[in-house]
Amino acid sequence: MTHAFYVYASYGFAALVTVAVTLWTWADGRARRRELASLEAAGIRRRSARTRDGE
Amino acid sequence: MHLTAENLAARRGEDLIFANISFHLAAGEALVLTGRNGSGKSTLLRVVAGLLRPEKGTVIFHDGESREGRHPGEASHYLGHKNAMKNELTVAENLDFWRGFLGSPDTPGLSIEDAAEAIGLSGITHLPFGYLSAGQQRRFAFAKLLVAHRPVWILDEPTAALDASADRLFAGLIEAHLAKGGIVLAATHQPLGLKNVQELKMTGFVGVDQGVWG
Amino acid sequence: MHLTAENLAARRGEDLIFANISFHLAAGEALVLTGRNGSGKSTLLRVVAGLLRPEKGTVIFHDGESREGRHPGEASHYLGHKNAMKNELTVAENLDFWRGFLGSPDTPGLSIEDAAEAIGLSGITHLPFGYLSAGQQRRFAFAKLLVAHRPVWILDEPTAALDASADRLFAGLIEAHLAKGGIVLAATHQPLGLKNVQELKMTGFVGVDQGVWG
Amino acid sequence: MTALFLRDLKLSIRAGGGALIGVLFFLTIVAVIPFGVGPDLKLLSRIGPAIVWIGALLAALLGLDRLFQAERDDGSLDLMLMQETPLVLTVLVKCFAHWTATSLPLVIASPLLGLFMNMDETAIGATALTLLVGSPAITFIGAVGAAVAVALPRGGLLVSILVLPLTIPVLIFGVSATYAAVEDPAPFLPPFLILIALTLFFTVIGPAAAALALRNTAD
Amino acid sequence: MTALFLRDLKLSIRAGGGALIGVLFFLTIVAVIPFGVGPDLKLLSRIGPAIVWIGALLAALLGLDRLFQAERDDGSLDLMLMQETPLVLTVLVKCFAHWTATSLPLVIASPLLGLFMNMDETAIGATALTLLVGSPAITFIGAVGAAVAVALPRGGLLVSILVLPLTIPVLIFGVSATYAAVEDPAPFLPPFLILIALTLFFTVIGPAAAALALRNTAD
Amino acid sequence: MSETSLAISKFSDLANPTRFLALAARAIPWLAGITALCFAAGLYLSFATEGDYQQGETVRIMYIHVPAAWLSMMCYTIMSISAIGTLVWRHPLADVSAKSAAPLGAAFTLLALVTGSLWGKPMWGTWWVWDARLTSVFILFLMYLGLIALNRAIDDPSKAARVSAVLILVGFVNIPIIKFSVEWWNTLHQSASVMRLDGPAIDPEFLRPLFVMAIAFTLLFFTLHIMAMRNEIWRRRIAAQRRLAARMASREE
Ligand code: HEM
Ligand SMILES: Nc1ncnc2c1ncn2[C@@H]1O[C@H](COP(=O)(O)OP(=O)(O)OP(=O)(O)O)[C@@H](O)[C@H]1O
Ligand SMILES: Nc1ncnc2c1ncn2[C@@H]1O[C@H](COP(=O)(O)OP(=O)(O)OP(=O)(O)O)[C@@H](O)[C@H]1O
Ligand SMILES: [Mg+2]
Ligand SMILES: [Mg+2]
C-alpha cells in the first residue's frame, strides 16, 4: 500500500468522526428544541414565563 | 441539651417529599412521626441523622458543654429499617463490634450481657445473628443503642416485628432514656405508649421540584 | 379442597421448636398463628411451605380435582419476612417476573396494574423497587399474591411496616381470597381483623431433642 | 422459565453492565499483561490463548459466587424452592443466563482480544471455538459452589475454593486444544472432544448437584 | 477502629476463606500458564514475576467490589457514615483489613509460587518485596471503585473495572523493579522508590476519594 | 405556599442556565464560522507544505493526529475542572459541562488512536504495540466510555453528577501518565517536540499547519461542547416540565 493511502485514510476518518459528532450534536439539539416547542404547545410553560404572564 | 430543626425540606428523586418542617426538642423530650406509608418519615429521620442532605434548612444539636451547635449525626444512634448486624457473626460479636465502633471511652454503655438482659433475650448471644427469628433480630438491633451511650436516639419503626411484651419493654427502655435526659425521634405506625411526646404527622409529597432547569 | 397437618414437629439447630402440632383447614378457612418472638411461628410456616423438613409428622394438601394428596408447596404462595423482590428492577418488572414464574396459564391472576390498584399504589410501578418506602415495598410484595393465582396463602407477618389504612386493605384482600374458597395461614403480632378464623398459639421451645445420642 | 432467564439477564446487565463487564474487564487485563511481560509480540501471541482462557475463568468467577446468595438474601430463593418439580431446570436456566451475560460476550469478543494479543487466525478461531464449548462447564461447576455457599449461614467464597480446582481440567483441555490447533504435530480433535465431554458431563452433574445442595440446605 | 479491623478480618475469613482464595486462584493461573508458554523453564522464570504480579492484581479484585456494598445492604454503612470525623479512617481500616485477608497471604505465598515458576532466589525475594510494598496501592484504588459502586442503585462491578486501569502504573513499576533486581545493569532502587511513592500516593488519595464518594452518594 | 418560597430561594440560581442559553445562542454561530475558516486554512496548509524527507507524505497525518491527541487530554482536563466545580461549588452547569464533554472526548481519543494506528503501520510496521503512550491513550478511551456508561447507569442526575465527578478526578492521574509516558519509559512513540520548555524542536515548515489545525480542532471542540451543553440543559428542562405535567395531571383527578 502506498503512503498516500494512509494519509487519505486518516483524513477520511477524521472527516467522518468530526462530521458525525457535529451532526449528532446538531440533530440532538433540534430534537430537543422540537420537544420544548411541543410542550409549550401543550400549555406547559416555564415557571418564569408563567409569572411573567401575570399568573 | 437540645435539638433544633428549622425549615427542613428534602427531595427524593425529583420530588419534594416534605418542606418547611421545624421542631425543637429539649433534653427528655420525644418526637413521634406518624403518617401514611411513603409519607416521608424515614426520609426525615435520615435527614436528621445526616444521611441525606436536606434540600433546605438546618438541623442543629447543642449539647450541654460546648456553646457551638453541631450536626446531631455523631451524637445519635440511628436504628433504621435494616438491622445493621452481620448474619455471619454471633450476636455477641456483632454487639461487641458496635460497642467498640460507636462507643466513647468516657461514657460507657451497658455490657453485652446487661444489654441482652434488658431486651429480654439473655442467654442466646452466642448464636449467629442469622439464626434468630425476626423479632429477636430486631431486639438485638435495639440492644446496639444500649451498649454505647449516645444522647439522641433516631428510631425508624423500632417495634416492627415485635410481640406485645417486647413493645412494652421497648417503651420502658425509651422512657428510661428520656428520663436520663436523652432525646428520642421515632417513626411508627403503632402507638409506642410514651407519655409526654410531641407528634408530627407527615403528609408526603409537597410538589415537584423544578430545580434550576425548569 | 383442604389442608391437613398432623403431628408436626420441627427442629432448629438442636432444639425442638414445636411438637405435636395438628390442624385441618377446609376451603375458605384461615389459621392465625400467634405467640412470642422466637416461638416458632415462622418455623411452622416454613414447614408447611415445604422449605424446612419437619422432624416428624406430615402436611398434606388435597385439591378438589385429584384424589391424591400432595405437598402444599406448589399450590401455595409464601410471603416471608423478606420481600423476594429485586431492588435493581422496577416494581413492574419484578411483578412481571413473578407472574411468569409462579403463575400457571390456565388460572391467570390480576394484571400488574390491577394488582397495584388493589394494594392502593397504582402509578408508581415504574420506580425501581429499592426506591420505595418500607411500607410500599411490603405492599408490592403482597401484590405478588394477586398477580398469580394460588389457593393457599402462607403469610408471615404480612402487615409489618404497614400503616392503618393498609392494614384494613390487606384484611379485605385476605377476606376476598377466603370468600373465593382459598386457604390462608398467617403469623402475626397484631390482630388482622379477620372473622371466622382458627387461632393457634405457639409457645416455643418444647425441649432439647436428645436425638439418638441422649 | 423464560421469565427467569430474562430477569437474570436484566439483573446482570443492570448490576454490572454484564456484557460490557467481561469484555471491558478483559480488555483491561490484556492491556495490563504486556506491561508485565513486556511488549514482546512473539511471547504475547504464544501466551494469548492461555490468557484469554484465564480471563474467561475470572469473568465467570466474578459474580458467580453470588448466583444464589443474592436470591437467598432477598427471599426469592424460597419461592424458587417451592416450585417443586423442576429445581434442576431453574438452576440450569440461571446458569445459562449467567453464562449468556458474562461468558458469551467474551466468546464473541475473543477474536478482537486475539488481535490485540497478536495471535494468528487459526489461534483466534480455535480460542473462540474452545471457549464457546468449554466456558459453560466453568459456569456449571461454579454453580455447585454457589449452591453450597448458600447452605453455610456464613456463606461465602470458601466454596469457590473447593470448586476452583475442578475447573483446572477444563482450563487445561481448553488451552491445549487451542495450542493443538496452532502447532501442527499435535492433533486438535482429542483434547477438543475431551473438552466437549467435560462440558456435557458438568451440564448434567452441575445443575443436579446444585439443586441437591439447595434442597438440603434451605431453612 | 481495631474493632472494625478485627470484624472485617473475621468476616472475610468466615465468609470467604480470604487467605485461601487468592492463593488458590493464583495456583490455577500458575497451573495454566505453562500450557501456554510450553515447558520452557527459562521462559517461565522470565515471565514469572509478571505473572505473580498479575495474579496478585486479580486476586485483590475478587471480593473487593463488595467491600461497601455488603455494608450498605444490611444497613451498617449508615452507621459508619454517621461517625462524622474519620470516615477516611474507616475506609482506610476496611481497606487494610481486606488487604490483610487477601493480599498478604499472597505475598507470603509468593516465594512458593516463585519456586513453581522456576525463579531464582533474588527474583523471588524481589517479587515478594515489591508485592508487599505495591499491593496495598491496588486495594486502595479498588476501594474507590467499590465506594462509587455503592452509589449505583443497581450496584455492580462496572466501577471496579473503571478504576482497574489506574493500577497499571503500580504494576509497571512493581514488575520493573523486580526485573531490575534480577538483571544487573538496571538499578533496583529508582523503580522501587517510585513504587513506594505510588503506594503512599494512593494511600492518601484512595481512601479520601472513596470517602468523598460515600458521602456524596448516601441516601 | 411552601412551594413558592422554595421557588424564590432558587430564583438566583435559575438565572444561571438561562443566561448560559442566551450567551450560547449568540456565540455558537460565530464560533462555528471561525472553526470552518480555520479548518479551510489548516487543510490548505497541510496539503500545500512539503513532505518530510524521512517520513514522506505520512507527515501530513501529524496535522490531525497531534491536535486530536492534545484535545483528548484537554477535554479530560476540562471535565476534571468541571468535576471540581460539581463537588466544591455544586454548580449545576459544571455537571452539565462534564457530562456533555465525555462523548466529545471519546470521539477525539478515538481519532487520535485511529490516526496513530494509521501512521504506525507505515512508520513502525505495525498497527498497534502495547507501549506506554499507546496503552495509556487506550485507557483514556476506556475511561471515557466507562464514564458515559456510569452516567447512564444512575437515574438521579444530581447523584450521577457527584459520583462521576469523583471518578473523573481519580482518573485524572492518567493524564500526566499520557503526557510523560514517552519520557518515563523509552518507547517507540515520538517524544514531545512541540510542547517543550525549551521551545519547539520541529521545523517551522511543519509547525505552521500544525498550529492552524490545532486551533481549528480546539475551536471545533468548544463549539460542539457549548452546543452539547445547551442540548443537555434543554433535556433537563424538558424532563422537569414533563414531571410537572404528570403531577398536575394526577392531581386534577
Ligand atoms: C495508536 C497509536 C498512537 C497514539 C495513541 C498516539 C498518541 C499520541 C498522543 C497522546 C500525543 C500527544 C502527546 C503530547 O502532547 O505530549 C501524540 C503526539 C505525537 N505523536 Fe502519536 N500516537 C500514536 C501513534 C503515533 C505514530 C505512529 C507516530 C509517528 C511515527 C506518532 C507521532 C506523534 C508525534 C510527532 C506527536 C507530537 C509530539 C509532540 O510534539 O509533543 N504517533 N501521540
Ligand atoms: N429516587 C426516588 N424517586 C422517586 N421517589 C422516591 C425515590 N426514592 C424514594 N422515593 C419516595 O420517597 C417517599 C418517602 O419514603 P419514606 O421511606 O420516607 O417513607 P416512610 O414515611 O418512611 O414510609 P413507610 O411508613 O412505608 O416506611 C416514598 O414515597 C418513596 O416512594
Ligand atoms: N440454627 C439454630 N440453632 C438454634 N436455634 C435456632 C437456630 N435457628 C433458629 N433458631 C431459633 O428458632 C426459634 C424459632 O424462630 P422463628 O423464626 O420460628 O420464630 P417466630 O415465632 O417467627 O418469631 P418472630 O415473631 O420473632 O418472627 C428462635 O428462637 C430461633 O432463635
Ligand atoms: Mg419508613
Ligand atoms: Mg417470624
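A note on names: the letters A, B, ... follow the listed sequences, proteins ahead of strands, and every chain is numbered from 1.
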Participant: Measuring from atom CD of C/Glu74 to atom CE of D/Met82, what distance do you get when rounded to the nearest 0.5 angstrom?
Facilitator: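 One finds 9.0 Å between CD of C/Glu74 and CE of D/Met82.
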Participant: Picking from D/Leu4, D/Thr90, D/Leu79, which has the most non-hydrogen pairs under 4.5 angstrom with chain C?
Facilitator: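 Among D/Leu4, D/Thr90, D/Leu79, the one with the most close pairs to chain C is D/Leu79.
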Participant: Do other residues, nucleotides or ligands put more than 12 heavy atoms under 6.0 Å from the CZ atom of C/Phe170?
Facilitator: yes
Participant: Between C/Ala84, C/Gly80, C/Gly100, C/Ala141, which shows the greatest number of heavy-atom pairs under 4.5 Å with chain D?
Facilitator: C/Ala84
Participant: Check whether any side-chain heavy atom of D/Asp78 sits under 4.5 Å from a side-chain heavy atom of C/Arg46, and report yes or no.
Facilitator: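 The answer is yes; the side chains approach within 4.5 Å.
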Participant: Name all residues meeting the side chain to side chain donor-acceptor pair (under 3.5 Å) criterion together with C/Asn83; count only those two or more places apart in sequence or in a different chain, and write none if there are none.
Facilitator: C/Arg138
Participant: For residues 127-149 of chain D, tabulate all N or O donor-acceptor pairs below 3.5 Å that involve a side-chain atom, not counting sequence neighbours.
Facilitator:
from     : atom 1 : to       : atom 2 : distance (Å)
D/Thr127 : OG1    : D/Ala123 : O      : 2.6
D/Thr130 : OG1    : D/Trp53  : NE1    : 3.4
D/Thr130 : OG1    : D/Ala126 : O      : 2.9
D/Thr130 : OG1    : D/Thr127 : O      : 3.0
D/Thr130 : OG1    : D/Thr178 : OG1    : 3.2
D/Ser135 : OG     : D/Trp99  : NE1    : 2.8
D/Ser135 : OG     : D/Leu131 : O      : 2.7
D/Thr139 : OG1    : D/Ser135 : O      : 3.4

Participant: Mind checking the CZ-CZ spacing from D/Arg215 to C/Arg53? Nearest 0.5 Å is all I need.
Facilitator: 9.0 Å
Participant: For the CZ atom of C/Phe101 and the CE atom of D/Met80, what is their distance to the nearest 0.5 Å?
Facilitator: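 Interatomic distance, C/Phe101 CZ to D/Met80 CE, rounded to 0.5 Å: 5.0 Å.
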Participant: Does atom CZ (C/Phe61) have a neighbourhood of more than 12 heavy atoms from anything else shown, all under 6.0 Å?
Facilitator: yes
Participant: Measure distances from C/Arg150 to the heavy atoms of chain D and classify the residue's part below 4.5 Å as side chain, backbone, both or neither.
Facilitator: side chain
Participant: Measuring heavy-atom distances to chain D, does C/Thr43 have an atom under 4.5 Å in its side chain, in its backbone, in both, or in neither?
Facilitator: neither
Participant: Looking at C/Gln198, I want to see if its CD is surrounded by more than 12 non-hydrogen atoms of other residues, nucleotides or ligands under 6.0 Å.
Facilitator: yes
Participant: Just so I understand: if I count every heavy-atom pair under 4.5 Å between each of C/His81, C/His77, C/Met85 and chain D, which residue has the most?
Facilitator: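 If we count pairs closer than 4.5 Å to chain D, C/Met85 comes out on top.
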Participant: Can you tell me how far NZ of C/Lys86 sits from CZ of D/Arg7, rounded to the nearest 0.5 angstrom?
Facilitator: 5.0 Å
